[in-house]
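What follows is a short report on a single structure.
Chain letters run A, B, ... following the sequence lines, proteins first and then strands; every chain starts at 1. Worth knowing before you read on, the calculation uses all heavy atoms, side chains too, and leaves out hydrogens, waters and symmetry mates.
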2 protein chains.
Amino acid sequence: MKEGPDIAQIGALIGDPARANMLAALTGGRALTATELAGVGGITVQTASTHLAKLEVGGLLTQRKQGRHRYFTLADEAVARLIESMMGFAAGRGHLRHRPGPKEPALRKARICYDHLAGDYGVRMLDSLIASGSIEAVGEGLALTEKGESDLKCIGIDVGDLGSSRRPLCRSCLDWSERRAHLAGSLGKALLLSFLDKGWARRTAESRSILFSPEGDRQFLRLFPIDA
Amino acid sequence: MKEGPDIAQIGALIGDPARANMLAALTGGRALTATELAGVGGITVQTASTHLAKLEVGGLLTQRKQGRHRYFTLADEAVARLIESMMGFAAGRGHLRHRPGPKEPALRKARICYDHLAGDYGVRMLDSLIASGSIEAVGEGLALTEKGESDLKCIGIDVGDLGSSRRPLCRSCLDWSERRAHLAGSLGKALLLSFLDKGWARRTAESRSILFSPEGDRQFLRLFPIDA
DNA sequence: TTCATAGTTCGATCGTAACCGAAGCATCGC
DNA sequence: GCGATGCTTCGGTTACGATCGAACTATGAA
């Protein structure tokens with residue numbers, strides 16, 4: 001007994017409904033204020049404040065003061081991965097809050113997963129990149145090919161700029177709604193940013209869903225075809 | 001708010017220290033009785049019984065009656081992966097129950113992670129397989145090479161027998177003690193089984209550690225050299 | 001049959017943590 | 001300076017769940 005690290009602490013941190021809701025909301029990657037988080041948690045600001053303090057000392061959150069606001073974000077990408085993996089697990093068990101039907105169509109179509117694109121469009125993008133030979137899937141891992149590197153340069157992404165950090169270029173991330181892999185890592189982030197830059201899509205204020213403009217939709221589907 | 005699957009339920013299930021200890025013990029892959037689990041949880045049988053019932057309806061455990069015993073196991077491999085990933089996360093945050101020193105040397109040297117080898121020896125094995133060109137690491141994924149397939153046949157493992165199931169052949173699993181990857185998947189399982197078959201190592205009754213015999217130790221180190 | 005072991009269920013106790021109202025700081029706009 | 005807004009801290013209430021003793025069921029052994 002008492003072998004290894006203490007799972008119970010973080011389990012308990014995530015185990016409270018209000019905290020879980022706040023964490024899930026922060027998976028959107030956007031920094032949120034304490035009042036906003038109180039809203040998604042369905043509790044008053046006082047209670048939210050104590051929750052947030054606990055999450056912070058637990059190492060799941062970081063806060064940043066700015067004026068009279070305090071912006072909270074997930075501490076790092078590892079937290080985001082943990083939350084998403086728990087969501088995937090819970091979805092697989094049928095631990096759904098609502099019935100699994102297409103309750104939030106926009107959320108299933110395209111949403112943000114920490115900093116990259118998830119949902120139907122995220123899965124489609126990775127599928128297409130693999131089909132075109134830009135990305136190679138080996139086991140559970142992903143690797144960018146030379147063809148992929150030149151293809152990406154055509155749409156304005158210089159992979160050389162991304163490789164510097166310790167963060168892996170390509171990472172596969174499992175989607176709870178699709179139960180399929182989509183592209184994470186610094187490349188996944190860069191791609192989403194380029195879509196936003198080009199005005200193809202924009203983030204919504206309160207939800208994690210990503211809305212594509214009609215034109216952006218056309219461009220995206222053209223760029224990442226599915227040849228079924 | 002209230003988007004996606006319910007994380008809080010499983011978080012709360014893992015969030016109780018007694019339950020977390022039981023789950024961690026079951027990560028050893030071995031089926032344990034309610035009384036044994038009460039022991040590792042540090043609680044009485046009555047309390048353990050209610051905990052186990054909760055874990056079962058939560059979908060984390062399954063039980064199997066055999067005589068007057070009830071053997072509990074993790075519901076499936078996904079649960080094991082979730083627990084190990086949480087351990088890895090917790091270890092990275094310094095959420096350690098004891099100080100990180102070599103508290104359980106045997107456990108750090110070689111232990112079982114659901115059904116494959118973890119710890120120092122697990123990491124060494126994968127490193128060696130990669131160095132010898134038997135396994136190729138691509139991004140975060142692992143793939144068996146042709147050389148690896150023939151090499152494995154020499155030690156009595158026919159990869160053809162393993163590929164049938166839906167479970168991936170090679171999977172990388174992050175180790176909480178070493179913080180490095182080791183080999184999971186059906187190949188990782190097959191390798192560990194062959195070690196046990198050959199009498200090189202044996203599982204211990206109460207702990208998750210794996211004990212190598214002096215001869216088995218020699219063979220293992222010869223088979224998986226590290227050329228630093 | 002009787003006894004022993006393994007496990008569950010019941011009932012009651014107890015602690016802890018979630019929760020909110022109210023008060024206290026801090027920052028912004030005026 | 002003043003009031004308004006955002007957030008934290010304090011105090012007290014409340015509710016839930018972990019815990020165990022005791023009683024009950026089931027299997028096995030003698």
*Per B/Ala18 side chain, nearest of listed nucleotides D/dT19, C/dA18, C/dT5*: D/dT19
*State which of D/dT19, C/dT9, D/dG6 makes the closest approach to the side chain of A/Arg68.*
D/dG6
_Less than 4.5 Å apart, side chain to side chain, heavy atoms only: is that true for B/Leu117 and B/His182?_
no
*Starting from C1' on D/dA18, measure out to NE2 on B/His51 and report it in whole angstrom.*
6 Å
*asked:* Quick check: on DNA chain D, is the nucleotide nearest B/Arg19 upstream (toward 5') of the one nearest A/Ser49, or the reverse? Name the residue that is more 5'.
replied: A/Ser49
*Can you tell me how far P of C/dT16 sits from CG of A/Asp16, to the nearest Å?*
17 Å
*Which nucleotide in the set C/dA6, D/dT19, C/dC20 lies at the smallest distance from any side-chain heavy atom of B/His69?*
C/dA6
*Rounded to the nearest angstrom, tell me the gap between atom CD in B/Gln63 and atom C1' in C/dT8.*
10 Å
*asked:* Side chain of B/Val45, heavy atoms from C-beta onward: which of C/dT8, C/dT27, D/dT8 has the nearest atom to it?
replied: C/dT8
*Among A/Phe195, A/Phe212, A/Phe224, whose ring-ring contact (aromatic ring centres under 6.0 Å, His included) with A/Tyr121 holds?*
A/Phe212
*Starting at atom CG of A/Leu52, determine the distance to atom P of D/dT9, rounded to an integer number of angstrom.*
11 Å
*Looking only at non-hydrogen atoms, find the nearest pair between B/Ala20 and B/Ile14 and report the distance.*
CB-O, 3.5 Å
_A/Thr44 side-chain N/O to C/dC19 phosphate OP1/OP2 under 4.0 Å_ = no
_Run the side-chain hydrogen bond (donor to acceptor under 3.5 Å, both in side chains) test on A/Gln46 and A/Thr44 for me, step by step, so that the C-alpha distance in whole Å, both residues' side-chain angles and the decisive distance to 0.1 Å come before the verdict._
CA-CA 5 Å; A/Gln46 310 94 302; A/Thr44 62; 2.9 Å; yes
_Interatomic distance, B/Phe72 CZ vs C/dA6 P [rounded to whole Å]_ = 14 Å
*Where each residue is assigned the nucleotide of DNA chain D containing its nearest heavy atom, which of B/Ile43 and A/Gln46 is assigned the position nearer the 5′ end?*
A/Gln46
*Consider the side chain of A/Thr47, meaning its heavy atoms from C-beta on, and name the nucleotide among C/dC19, C/dT9, D/dT8 that approaches it most closely.*
C/dC19
*B/Lys65 side chain: which of D/dT27, C/dT9, C/dC19 is closest?*
D/dT27
*Rounded off to whole Å, could you give me the CG-to-P distance for the A/Leu61 and D/dT8 pair?*
11 Å
